[in-house]
Number of protein chains: 2
Amino acid sequence: MRYSRDNMAGLLRSHDINPTHQRIEIAYALFSRMEHLSADQVMALVNVHHSETSKATVYNTLSLFLQKGLIREVIVDPNKVFYDPNTRPHHHLYDVESGHLTDVDAEDIHISGLPPLPEGAALEGIDLIVRIRKAG
Amino acid sequence: MRYSRDNMAGLLRSHDINPTHQRIEIAYALFSRMEHLSADQVMALVNVHHSETSKATVYNTLSLFLQKGLIREVIVDPNKVFYDPNTRPHHHLYDVESGHLTDVDAEDIHISGLPPLPEGAALEGIDLIVRIRKAG
DNA sequence: CTAGAGTTTGGACTTTGTCTAATTCGAGAT
DNA sequence: ATCTCGAATTAGACAAAGTCCAAACTCTAG
Ligand SMILES: [Mn+2]
Ligand SMILES: [Mn+2]
Ligand SMILES: [Zn+2]
Ligand SMILES: [Zn+2]
């Protein structure tokens, strides 16, 4: 499925998000590239031509998308969060040198031997991160 | 193995770290508790009675311990890094509500189906994080 | 047009962490 | 015991990522 700016309003509505100009631009930055982006990168992409959004709106909007299940958060770098337009179950390959993140489909991976969850705990998710370093 | 303050100098020397008062106190904060602590928590613990170390020294020392393989870094929270005195291969159970981290021995866990590493890449490590939420 | 809810905004603020120049420490030499 | 000098520590300025808020703007229904 290919995303264009025209898709965005529908995509947002389907997640119960009122599509505004800023929200469409922010969604388009993520979904047209299908890449893992930091808040800073999203803002830079949306504002390349002329200023179209503010820092506060970028953070507000990414939090809203997250809460509505439109995107995911990836925590691999101590300095910044990455936002992930891919919400299918998947894991990550992280190049600690370049900061580049690659998806690894969860269907290909099997994890066994996990301990039983503590009494009354609900599973939020399982994050598997393969950290690599490109030998240079 | 139980750790006392007297062990610390030897532990540091065995990792090629010159044992100073501050380094001993910082190591003791981690190894006497065997808990995952943030830099702030380490500093608070060392300075409970009277001021014994500075922020700069805490960060310098934790980086040194890390580099010398005495401790590990755990990246699960977007806000802060946790330092882990347990360097045996293990994974983590993370309670996203309370921020509490629990170790899961790597020997009990089997992961299969990982993709081959990209050409010329070296494995840095595999981090598995089970995120839970205590229903309440 | 007007009202009100929802959205966006600049900028002050916070937190976590880095950096540096100056000072202090301490083990070995005298 | 004192001196010396590299190693370690420090205060505090700085930076990056993120939060918060009150004011302003926008959009739609009446
Ligand atoms: Mn535009
Ligand atoms: Mn003391
Ligand atoms: Zn991803
Ligand atoms: Zn651990």
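Naming convention: chains lettered A, B, ... in sequence-line order (proteins, then strands); numbering from 1 in each chain.
Rounded to whole Å, atom P of D:dA7 lies 17 Å from atom CZ of B:Arg13. If you take CG of A:Leu66 and P of D:dT19, they are 11 Å apart, rounded to a whole angstrom. Distance, A:Asp16 CG to C:dG6 P: 12 Å, rounded to whole Å. Atom OH in A:Tyr59 sits roughly 4 Å away from atom P in D:dG18 (whole-Å rounding). The interatomic distance linking B:Leu64 (CG) with D:dA8 (P) rounds to 8 Å, in whole Å. A straight line from NE2 of A:His21 to P of D:dC25 spans 17 Å, rounded to a whole angstrom. Look at CD on A:Glu52: it is 12 Å from P on C:dT8, rounded to the nearest Å. As a whole-Å value, the separation of B:Leu37 CG from C:dT16 P is 14 Å.
Listed nucleotides: D:dC21, D:dA17, C:dT18. Nearest to the side chain of A:Ala56: D:dC21. Listed nucleotides C:dG17, D:dA17, C:dT8 differ in distance to A:Thr61; the shortest reach to its side chain belongs to C:dT8.
A:Asn79 comes within 4.0 angstrom of the backbone, heavy atoms only, and of no base.
Nearest-nucleotide mapping onto DNA chain D: of A:Val81 and B:Thr53, the residue sitting toward the 5' end is B:Thr53. Mapping A:Arg23 and B:Pro19 onto DNA chain C by nearest heavy atom places A:Arg23 closer to the 5' end of the strand. In terms of position on DNA chain C, the residue among A:Gln22 and B:Asp40 whose nearest nucleotide sits closer to the 5' end is A:Gln22.
Side-chain nitrogen and oxygen atoms of A:Asn18 include at least one within less than 4.0 Å of the OP1 or OP2 phosphate oxygen of C:dT7. Within the 4.0 Å cut-off from OP1 or OP2 of C:dT9, at least one side-chain nitrogen or oxygen of A:Ser54 is found. For C:dT7, the OP1/OP2 oxygens have no side-chain nitrogen or oxygen of A:Thr20 closer than 4.0 Å.
Centroid-to-centroid, the aromatic rings of A:His100 and A:His36 stay 6.0 Å apart or farther.
Below the 3.5 angstrom threshold, one finds a donor paired with an acceptor across the side chain of A:Lys55 and the base of D:dG18.
Considering A:Phe65, A:Tyr3, A:Tyr83 in turn, A:Tyr3 is the only one that fulfils the ring-ring contact (aromatic ring centres under 6.0 Å, His included) rule with A:Phe31.
Using a distance-only test at 3.5 Å, with no hydrogens or angles considered, a donor-acceptor pair links the side chain of B:Asp95 to the main chain of B:Ser98.
A salt bridge between B:Asp16 and B:Lys68 is present, with a side-chain N of the basic residue lying under 4.0 Å from a carboxylate O of the acidic one. Look at B:Arg88 and B:Asp103 and you find no salt bridge, because none of the NZ, NE, NH1 or NH2 atoms lies under 4.0 Å from a carboxylate O.
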